[in-house]
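One is the number of the first residue; the rest follow in order along the sequence. Just so you know, ligand 1 is whichever comes first in the structure, and atom 1 is the first atom listed for that ligand. Scope of the values below: all heavy atoms of this structure, side chains included, with no hydrogens, waters or symmetry mates.
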Amino acid sequence: MALLPIRIFGDPVLRTRAAEVETFDEALARLAEDMLETMRWAEGAGLAANQVGVLKRMFTWAHDEESGALVNPEVVETSEETVDDDEGCLSFPGLFYPTERPLRARVRGRDVHGEELDTVAEGLRARIFLHELDHLNGILFIDHLARHDRKAAMKRIRAGELEEAARRRDAMPPLDEAAEA
Ligand code: ZN
């Protein structure tokens, strides 16, 4: 397994729609493993392929002792009821803002072997799925923020906060070394 460099805001790949996965091969399974490893290392709850510079419709997630990869995901249905909890993104290290999301989402997709998945997520898990699905369409969490929060976020980004936080993160040791320390 390998740690993959995480792209941060400003990289055009984050604003690009990822392409449908057509081949469920060994390389796709390996990418999912590397993304899971990278996500755990960065202490994230989700990671979309765009964020490691790969324009494939796949994301990884971890929530409540469970984790996985979802390929070609689609939102089937979302609840009208929403939650306005703090949200962050590995491509915006250090930034957290209240972001309104549906409380529940039914999401359909495939696993890395091409098997169909159909799941109803609620609360934080729904938030993770919808956040990562947005990534695959070039949409970022700052697009959902209230106007004043978005302004504040952009000000911090222009001041170079993301680069600084990304440098600190890049200096972190890989997981196995961290466990030994
Ligand atoms: Zn994100």
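A perpendicular orientation is assigned to the rings of Trp61 and Phe129, their planes being inclined by more than 60° (bins at 30° and 60°).
Between the CG atom of Leu103 and the CD atom of Glu122 there is a distance of 5.0 Å, given to the nearest 0.5 Å.
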Distance-only criterion, 3.5 Å: show the donor-acceptor pairs between side-chain atoms of residues 17-27 and protein atoms not counting sequence neighbours.
residue, atom, partner, partner atom, Å
Asp25, OD1, Ala27, N, 3.4
Asp25, OD1, Leu28, N, 3.1

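Around the Zn ion (ligand 1), the protein atoms of type N, O or S found under 2.8 Å away are Cys89 SG, His131 NE2, His135 NE2, listed by chain and number.
Using a 4.0 Å cut-off between charged side-chain N and carboxylate O, Asp85 and Arg101 make no salt bridge.
A donor-acceptor pair shorter than 3.5 Å cannot be found between the side chains of His144 and Glu100.
For the pair Arg127 (side chain) and Val83 (backbone), a donor-acceptor distance under 3.5 Å is present.
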